[in-house]
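Protein chains get the first letters and strands the later ones, always in sequence-line order, with residue 1 at the start of each.
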Amino acid sequence: MLSNHLKQLEAEAIHIFREVIAESGKPVILYSIGKDSSVLLHLAMKAFHPSKPPIPLLHIDTTWKFREMIAFRDATAKRLGLTLDVHINQDGIARGIGPFTHGSAVHTDVMKTQGLRQALDAVGYDCAIGGARRDEEKSRAKERVFSMRAAGHRWDPKQQRPELWSLYNGRHGPGEGMRVFPLSNWTELDVWQYIVAESIPIVPLYFAKPRPIVERDGMLLMVDDDRLPLQPGERPAMRRVRFRTLGCYPLTGAVESDADTLEAIVVELLASKMSERQGRAIDRDSAGSMEKKKQEGYF
Amino acid sequence: MSSSSSQSRDKGLLRFMTCGSVDDGKSTLIGRLLYDLGQVFDDQLAALETDSRKHGTTGDDIDLALLVDGLQAEREQGITIDVAYRYFTTGKRKFIVADTPGHEQYTRNMATGASVSDLAVILVDARKGVITQTRRHSAIAHLLGVRHIVVAINKMDLAGFEQARFDAIRANYEAFAKELGIAGITCIPVAARAGDNIARRGSSMPWYTGPTLIEHLETVDTTGGAGGAGFAMPVQWVNRPHLDFRGFSGTIASGVAKPGEPVVVLPSGRMTRLKAIETYDGAREAAVAGDAVTLLLEDEVDASRGDVIASAANRPEVTDQFAAHLIWLGDEPMLPGRPYLLKCATQSVSASITTLKHKVNVDTLEEVAGRQLALNEIAVCNLATAKPIVFAPYAENRQLGAFILIDKITSQTVGAGMIRFGLRRASNVHRQAIDIDQATRAGQKGQKPFCLWFTGLSGSGKSTIANALDRRLLEMGHHAFILDGDNVRHGLNKDLGFTDADRVENIRRVAEVAKLMTEAGLI
Ligand SMILES: Nc1nc2c(ncn2[C@@H]2O[C@H](COP(=O)(O)OP(=O)(O)O)[C@@H](O)[C@H]2O)c(=O)[nH]1
């Protein structure tokens, strides 16, 4: 049984999914493999049941994701019987872009942001459904559920529409599109409580386990493959860690933890003193960096 | 389930908004709520301490307003922020706060926040008392159907924590609220900066024995209201996984759905019974307002997105003309007669404002005469839709009574409205079915009827070209007719001038005549 507030959030998200079908000609779910994406897929299954969601999945693969994420991604698409489209920015690969050679900002921009634009343009998707939440970051607090994008994926403040009641306006011209966020009103705690209540599968990296770790600039990095260049004096050591968010492994910090069950994760979260973004290198690049990334089409 | 997750269960969701004019302490109050309820993480707190030293207004203390004031940069970039949403939870409830900036665009912002709120916290500075903005905020919240009002009388420390001051402001507010017909008011004396009577009581105002703000928010009952309404569900999507399953997916707008009950599909009026309520988690015995479900019907009745499935005994109305409160959100003024796209529940139809009856002064709710509606203005209007719509008065049902207007060219949301009542039942004037249809008439003439619109500046040669074409069509044996703009102004439109509003009406009438002529088989 779901608690009342989760029931309300669930119904709201289902309503949003169904509105997308009416407002968009060619929608796609941006599947990022993390816990929010797991919840997003679960809600999509619920929204269209007994039909399969009439929306394919799209993953922008930067080629630096944790290996366990990729395995989980493929297994999930298969388990749910959903079409999965994986896009890699081949131009970025040809240029040898990577987080160590070019830094996190360039890597994310080329492999993720530009990769996303390429993938959306290639198929002509006019609506990308994402799992972003308003509570993730101060600047997201005012984000719309239906966020309009001008031609070229530009986020133009003038194009953002007032959103009243649950009446969403996704009307758009050719070349324009929207991003839709069904989890807008969910908090991190809601997401975890929902995962527990609904027994939703998530990537094992969220659970504590001894993993090979190096500590760098106060961040605990997992040595997921041999592409991580070790600095003088650095030697991977096994530490019991888990991840609160997932992304490219060289940009995602782990936290020391003993939480190896969903229940333990919720307990840890309730007692937690650090926000989940604290482990993300990409947010710390520059002040207001999220804002900038959004204008460039990262979301 | 573990005890930790069950301790925060079943408190439901309370959506509320905060309003106040600049510097009343709104940001401080929200920051205080987040801080006292332990929703601020250590890394955020560290950032806050740095910021407080840099930009704070509170001396050595941390400035809690900075927790939520992340919007300054956007303001400088000229980005309009209509509403920012915040989240917090206590042992009893989860809260969603719609924080509306008080200054520019206040009507649009407040209306947006109020449309999703069950309760409004209106801030009053204890030194200033009830001011114009207080009236304005209360009036808009009331208009948008927010049924619970909390007046937080803030900065009590600057009023010596005096009960007399609080009592005077409360009496003043209550008198004004009575004029507007606002019931359900709770007044609480607070000091947001120190946190008195927000999440904890403090010792500064021993004379106050009512609830703290949080105690009130945790316990206020927001159910009820539309309780008596019959079951209604706007169809969002037809769910057809295979030939043997035809379900209608949607969110229930009011009442209770139960298998076996007689239902009607509106606007067609076809009757049937509810066969089953399907969800991912299995079939349901009943579903209530707010539930997102898929309904199966006994008979093979036709229904599609925009239709409403409702209790046969207690059904919503169907009309193509209604009276409504309209809030204008567009930069360009609203013009009566111009067609907009209207979205009400899951229905999308072309609609226009037929009459602007009067504007509403948001500070007093008084009636003011007017012919146009500009950004942030509110009016009582009559609207007409191209096709009948299913609705319920907004006061009875927000889901079936609220609508937005969309500009057909820019696709912007330019208006938000609340239906008051239908002006006539569409069924009273349903169209007469005519035996001979358009195709038959066209067949008789041996031509494909269509309308060709010549548009361009005056004197650009529209009439000359039209005349030449008309002659040519005649030679070819076709039956055409010219509706000349100048000629029409001598008869059909002789009451119209050249104001924007009249031009719109001129075009509307000519378009209607052209439509009749194509229906008659003409070119
Ligand atoms: N003395 C006193 N000052 C307050 C109180 N609440 C807020 N303030 C101050 O009033 C000023 C405006 O507050 P702020 O929250 O930014 O107002 P907003 O514009 O309504 O968001 C700030 O300097 C606050 O520190 C209070 O209870 N007592």
Side-chain angles (χ1 to χ4, degrees), chain A residues 3-5 7-15 18-19 21-22 45-52 134-135 138-139 141-142 148 157-167 169 171-173 176 184-187 189-190 192-193 196-197 263-264 266-267 270 272-275 277-278 288 291, chain B residues 1-2 4-5 8-13 41-44 70-71 73-74 77-87 89 93-94 96 108 111-112 115-116 236-237 239-241 245 247 249-251 278-280 290-292 294 305 329 341 343 346 398-399 402-404 406 411-413 416:
Chain A
S3 64
N4 283 334
H5 88 270
K7 263 191 225 158
Q8 286 168 285
L9 291 175
E10 177 188 79
E12 179 183 78
I14 289 175
H15 178 83
R18 291 169 175 171
E19 282 306 282
I21 299 301
M45 296 301 289
K46 286 200 172 193
F48 302 105
H49 173 87
S51 297
K52 287 277 179 219
R134 288 189 182 125
D135 89 319
K138 208 148 81 167
S139 75
K142 56 180 198 297
M148 303 311 292
K158 300 249 154 45
Q159 292 233 352
Q160 303 313 311
R161 301 161 180 176
E163 256 171 14
L164 293 98
W165 300 289
S166 47
L167 293 172
N169 171 11
R171 203 176 137 96
H172 58 280
E176 299 170 347
S184 286
N185 285 325
W186 295 53
T187 61
L189 184 61
D190 295 330
W192 281 114
Q193 289 180 333
V196 173
E263 284 76 5
V266 175
V267 173
L270 286 171
S272 156
K273 292 267 171 244
M274 289 290 171
S275 71
R277 292 213 155 250
Q278 177 243 351
E291 231 8 57
Chain B
M1 282 297 302
S2 73
S4 63
S5 22
S8 44
R9 297 183 121 217
D10 267 310
K11 51 199 161 188
L13 204 55
F41 291 111
D42 281 354
D43 50 328
Q44 292 170 333
L71 309 175
E74 289 98 318
Q77 292 165 36
I79 297 174
T80 44
I81 304 135
D82 31 9
V83 187
Y85 292 91
R86 328 272 176 202
Y87 305 85
T89 145
R93 236 184 185 161
K94 170 175 167 133
I96 300 182
R108 166 185 153 142
T112 304
S115 76
V116 294
Q236 262 187 300
W237 185 66
N239 196 336
R240 232 146 178 210
F245 188 100
S249 299
T251 303
E278 198 45 53
T279 71
Y280 177 91
D291 289 352
T294 296
R305 180 176 165 88
L329 311 170
L341 193 69
K343 197 170 171 187
T346 59
R398 273 183 168 187
Q399 265 34 266
F403 64 89
I404 55 173
I406 299 169
S411 296
Q412 284 295 326
T413 303

Open item on the list: The test is salt bridge (Lys or Arg N to Asp or Glu O under 4.0 Å); show your working for A:K7 and B:D291 and say whether it passes.
Closed with: CA-CA 8 Å; A:K7 263 191 225 158; B:D291 289 352; over 6 Å; no

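Across every non-hydrogen atom of B:T112 and A:P162, the tightest pair is OG1-CB, 4.1 Å. The two residues B:Q236 and A:E19 make their nearest non-hydrogen contact at NE2-OE2, 2.7 Å. Across all non-hydrogen atoms, the minimal contact from A:A11 to B:G290 is CB-O, 3.2 Å. The nearest pair of heavy atoms linking B:S411 to A:H172 is OG-N, 4.3 Å. Minimum interatomic distance between B:Y87 and A:D135 (heavy atoms only, all atoms of both residues): CD1-CB, 4.0 Å.
Residue contact with chain A, scored on non-hydrogen atoms closer than 4.5 Å, involves the side chain of B:E278 exclusively. Looking at A:E12, the atoms closer than 4.5 Å to chain B (heavy atoms on both sides) all sit in the side chain, from C-beta outward. The contact between B:T279 and chain A is made entirely by backbone atoms, counting heavy-atom distances below 4.5 Å. Proximity to chain A (any heavy atom under 4.5 Å) is shown, for B:I404, by both the backbone and the side chain. Heavy atoms closer than 4.5 Å to chain B are found nowhere in A:M148, neither backbone nor side chain.
Residues A:N169 and B:Q412 form no side-chain contact, since every pair of their non-hydrogen atoms from C-beta on lies 4.5 Å or further apart. The shortest distance between side-chain heavy atoms of A:R171 and B:L341 falls below 4.5 Å. The shortest side-chain heavy-atom distance between A:S166 and B:Q399 falls under the 4.5 Å cut-off. Here the side chains of B:S115 and A:E163 are not in contact, with every heavy-atom distance at 4.5 Å or above.
Annotation: the span from A:H49 atom NE2 to B:S249 atom OG amounts to 10.0 Å, rounded to 0.5 Å. Note: A:W165 CH2 to B:K343 NZ = 13.0 Å, rounded to the nearest 0.5 Å. Between A:R134 atom CZ and B:R86 atom CZ the span is 11.0 Å, to the nearest 0.5 Å.
When the candidates A:L9, A:L164, A:I14, A:I21 are compared by the number of heavy-atom contacts under 4.5 Å with chain B, A:L164 comes out ahead. Of the listed residues B:I96, B:V116, B:T251, B:N239, the one with more heavy-atom pairs under 4.5 angstrom with chain A than any other is B:N239.
Judged by distance alone, the side chains of A:N185 and B:Y85 never bring a donor and an acceptor atom under 3.5 Å apart.
The six-membered or imidazole ring of A:F48 lies near that of B:W237, with a centre-to-centre distance under 6.0 Å.
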